[in-house]
Novice: 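Below: one structure in structure tokens.
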Amino acid sequence: MTAQLGEDLMYQGQVLSMQTEPLAPFLDALPEPLEFEDFTTACWRRYIGRWEIIDGRLYLVGIKAHWRDGTPVRLEQLFPGYEQRVFAHWFTGIIRSAQGERLKYVHMGYGSTYERDLLLYFTDGLLFKTETRHNTLPK
Amino acid sequence: MIESIAWPITLQEWVTTYFVVGAIVMTALWSVRASKQKTFANELATIMRPREDEGKSAVRRFLERGLIPALALLFGWLVWPAMLIARVWVAYRKSRHSYPWPPERKFGLGLDVKDMEKMADNLFTKPHDRVILAAERTTCVCVDGIESVNQISDPAGAVPALPFGHLNGAWLHLKKQLSPGRDLWQFSSERVGVLKEFKAFEGYAVFDGDTYVDHMVTGFVWNDATDS
């Protein structure tokens with residue numbers, strides 16, 4: 001499996017790449033799976049979401065994907081009536097954003113190691129804790 | 001008296017015609033592909049190529065971006081009738097399998113018990129397509145209680161004021177299965193995802209006695225990102 005492209009996260013005025021897929025639980029909860037157009041082996045999930053944390057809440061603010069017929073996916077097709085911003089209340093878990101220099105490249109998933117990991121802890125879409133982990137390579 | 005048959009076209013002319021027509025066909029196929037990609041995939045590819053190429057050597061980049069595509073194109077030109085048939089077949093298949101929105105639930109139709117058991121145990125089956133086992137039920141619950149517990153609100157108004165918020169559609173679908181004699185259960189399933197990205201998932205399921213009917217997933221227990 002090729003190394004995967006991250007989702008984009010706007011947090012504290014910066015655009016970060018995150019190695020977590022907060023939309024997956026929503027898609028997995030749908031009664032019928034959605035079929036997006038495949039576009040690269042570096043993005044097996046077939047979409048790239050743009051996220052934002054505002055006042056400690058996680059919002060999905062955009063998505064880049066295409067349906068199988070080639071038409072672009074719009075946010076309001078996934079969330080009828082919400083075309084600008086969607087509160088990700090379904091997400092409980094930890095968002096990881098790799099930062100700094102890359103220490104080790106792994107050609108699979110989100111396996112590469114970077115200098116630091118910013119960890120953001122969420123319950124039901126609400127941020128309750130942040131943490132920075134400093135990584136080193138084993139000698 | 002046998003006279004040599006004068007073929008109207010020589011072998012050399014056949015070969016020339018084959019490759020000239022092949023070049024035209026391959027150009028047409030390439031153009032169709034490029035026109036479909038120009039809006040989305042190309043845009044993404046341009047953005048992502050540097051990220052994809054991180055950590056790759058110059059030789060590997062040359063192989064992936066130059067040599068292999070060139071060889072593939074050359075091979076395609078040699079067997080262009082097969083390429084043309086394959087492209088027509090793919091277009092036909094795509095036209096037969098459109099994906100309407102909202103999608104209609106197909107699960108549960110035409111599946112026998114063995115199929116369902118297979119799906120329940122298959123690692124590659126997504127959680128929403130798995131079958132919840134009777135042993136994974138935890139608590140029998142009532143609709144009103146569940147709807148009041150799962151009211152979602154957001155000061156920015158980015159969620160509908162409905163039970164389960166953006167997942168209300170999935171909830172309504174599940175509720176439809178609750179005909180008389182059936183029960184709503186909370187469940188917790190300790191079955192992992194295909195990449196072990198989660199170690200359990202939970203939600204609500206409808207059962208007819210001990211027979212599974214349908215379910216919705218409301219949460220996952222992720223493998224801790226701090227372990228990765």
Novice: Would you mind telling me which of R85(A), H89(A), Q84(A) has the largest number of heavy-atom pairs within less than 4.5 Å of chain B?
Specialist: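 The answer is H89(A).
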Novice: So which part of L167(B) gets closer than 4.5 Å to some heavy atom of chain A, the side chain, the backbone, both or neither?
Specialist: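 Contact with chain A is through both the backbone and side chain of L167(B).
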Novice: In terms of relative ring orientation, are H166(B) and W90(A) parallel, tilted or perpendicular, with 30° and 60° separating the classes?
Specialist: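 Geometry flag for W90(A) against H166(B): perpendicular rings.
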Novice: Check whether R57(A) gets within reach of chain B through its side chain, its backbone, both or neither, counting any heavy atom under 4.5 Å.
Specialist: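 R57(A) touches chain B through side-chain heavy atoms alone.
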Novice: So, for Y59(A) and A158(B), which heavy atoms are closest and what is the spacing to 0.1 Å?
Specialist: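 In this case the closest contact between Y59(A) and A158(B) is CE2-CB, 3.7 Å.
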Novice: Between G203(B), G169(B), G165(B), who has the most heavy-atom pairs with chain A when the cutoff is under 4.5 Å?
Specialist: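 When all of G203(B), G169(B), G165(B) are compared, G165(B) has the most.
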Novice: Is there side-chain contact between P160(B) and Y82(A), with at least one heavy-atom pair below 4.5 Å?
Specialist: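 The answer is yes; the side chains approach within 4.5 Å.
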Novice: Near M26(B) CE, under 6.0 Å, is it more than 12 heavy atoms from other residues, nucleotides or ligands?
Specialist: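 Yes, enclosed.
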Novice: Can you tell which of V86(A), N135(A), D69(A), L60(A) has the highest number of heavy-atom pairs within less than 4.5 Å of chain B?
Specialist: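 Most pairs with chain B among the choices: V86(A).
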